[in-house]
Structures are given as structure tokens and as C-alpha cells.
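In this chain, numbering begins with 1 at the start of the sequence shown.
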Amino acid sequence: MGKLQGKVAVITGGSTGIGLASAQLFVNEGAYVFITGRRQKELDEAVKTIGRNVTGVQGDVANLADLDRLYETVAKKGRVDIVFANAGFGAFASLDEMTEEHFDGLFNTNVKGALFTVQKALPLLNDGASIILTGSVASVKGTPGFWVYGATKAAIRNFVRAWTVELKDRRIRSNVLSPGPTETPAVGQQPADAMARIVSTIPMGRMGTPEEIAKAALFLASDDSSFVTGIELFVDGGRAQI
């Protein structure tokens, strides 16, 4: 039997990158997975790639009506064992370039989206369930032009600290999974010179892969981490540690 045999998981931002790799691994370990994505074409391709035990629900986590529609679909399974609030994005802007649109876009998706992805799951969430939020090394490293993104990830780190206490009577574990720079389509859209500077600070000398991050997500989702809650697990090639 797999490590997630019979479990039901929700993974937001599951159509590409870390979310897709995690969905594939979770299904291979026995879970039924619901994935979300904003773009229907990419979502359909992800469902086809995963191939079995998966449902794709198009939507934007910053839109609460989309989240309601997601959980109306999930409710047909009757319960949720794992919520992986992974949807998010990063964008560069210096202090003098900063706009309200840039700020609101990052906080609406990365903070508001993560919060309500979890809150709206609560009526379906099993006692003993696992909540995972995707953080980032940017929350603890000062990177010019990337600090609003870093602030969004610092915010969700605080969510997990509080939820660890607030949900303890239900034995629901909450953790942050914080990747370093990872080879995803979103990272490929960032300025090459900025990414080269960041990679130069990674002791292992390379970016991670979505599959490497997915293995850490599996650990936090499964009973392998049954005594782990409230932590931030860095999977970053050492970048946040030096």
C-alpha cells in the first residue's frame, strides 16, 4: 500500500510545477486528488498527465466564489485528508517601481488565497488531517525587488504557527513547505540575471526540481510526519541556512 492509500487531497495550483509533481506523487501513493488551476487548457493537460484518481477544477484561489465551487465538487467525496495550498506566484519590483496592483496581486493570491483555501476546507477536513502551505526561502532572505513576495510568504508562516494551536484539538497538523529556487515554468518567466544571482547563493549550486519538492510534500502529507506540526521545512539546497 502507498503512504496515502485511501486519502483525499486538494492541491491548489496543481496544473504545473510543484503542484503537478505533488499531485502525480500523491496519486501514485494511493490518494485521490483534486487539483485547481486558473487556465483550463493547462488544467486539462495536467489531469491527462496524472491519468487516474484526479479531478481538475478550474478557478482562481483569490476568488472566493471559485473556492466555494471547488469544495462543492470535493464534497462529493465526503471528506478531505490533505489540503496543500500551493497556488501562488512571485514577481519583481523595486521600491520605486512598486504599484498598488503589484502589491494587491501578490497578497490576494499568496495570502488571501491560502487562508480561504484552508478555511473553506474545514467543514470537510478530517480530524488528524494535514495542512500544507507553500512558503519560500524569500520569507527569510532579503532579495532586492522580491520583498513583497517574501512578505506574503512570511505571512503564511505565521498562519501555520497559530493554526497549530487553534486546530490541535482536532489533531490537524499545519506546516509550511518552503522551496528554494525551483525549475518551474513560473521561475522561467523571471529575469534571467536576477535568477542567476539567486542561484549563485545556493550552496548546492543548482535549482531544485518539482519532483524533489513533491517528495517533501509527501512527507508532510503522510503519517511519516505524524509528530511534525508548526514547522517550516526548507527544501532549498541550503540557501536559507547560510
How about [X]: does its [atom1] atom have over 12 heavy atoms from other parts shown lying under 6.0 Å from it?
| X | atom1 | answer |
| --- | --- | --- |
| Arg38 | CZ | no |
| Glu101 | CD | no |
| Lys120 | NZ | yes |

Would you mind checking if [Y] and [X] are paired as a salt bridge, meaning a charged N to carboxylate O distance below 4.0 Å?
| X | Y | answer |
| --- | --- | --- |
| Lys215 | Glu211 | no |
| Glu42 | Lys48 | no |
| Asp66 | Arg69 | yes |

Hey, is the main chain of [Y] close enough, under 3.5 Å, to the side chain of [X] for a donor-acceptor pair?
| X | Y | answer |
| --- | --- | --- |
| Lys153 | Thr134 | yes |
| Asn110 | Phe89 | yes |
| Gln58 | Gln40 | no |

Apply the side chain to side chain contact (heavy atoms under 4.5 Å, CB included) test between Ile213 and each candidate in Leu25, Val235, Leu218; give the one that qualifies.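 The option that passes is Val235.
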Using side-chain heavy atoms (C-beta onward) and a distance below 4.5 Å, is Thr182 in contact with Thr209? no
Flag side-chain contact, heavy atom, 4.5 Å: Phe219 against Leu177: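 No, every pair of side-chain atoms sits at 4.5 Å or beyond.
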For a quick check under 3.5 Å, do [X] and [Y] share a side-chain donor-acceptor pair by atom type?
| X | Y | value |
| --- | --- | --- |
| Thr55 | Tyr32 | yes |
| Arg39 | Ser15 | no |
| Arg157 | Ser139 | no |

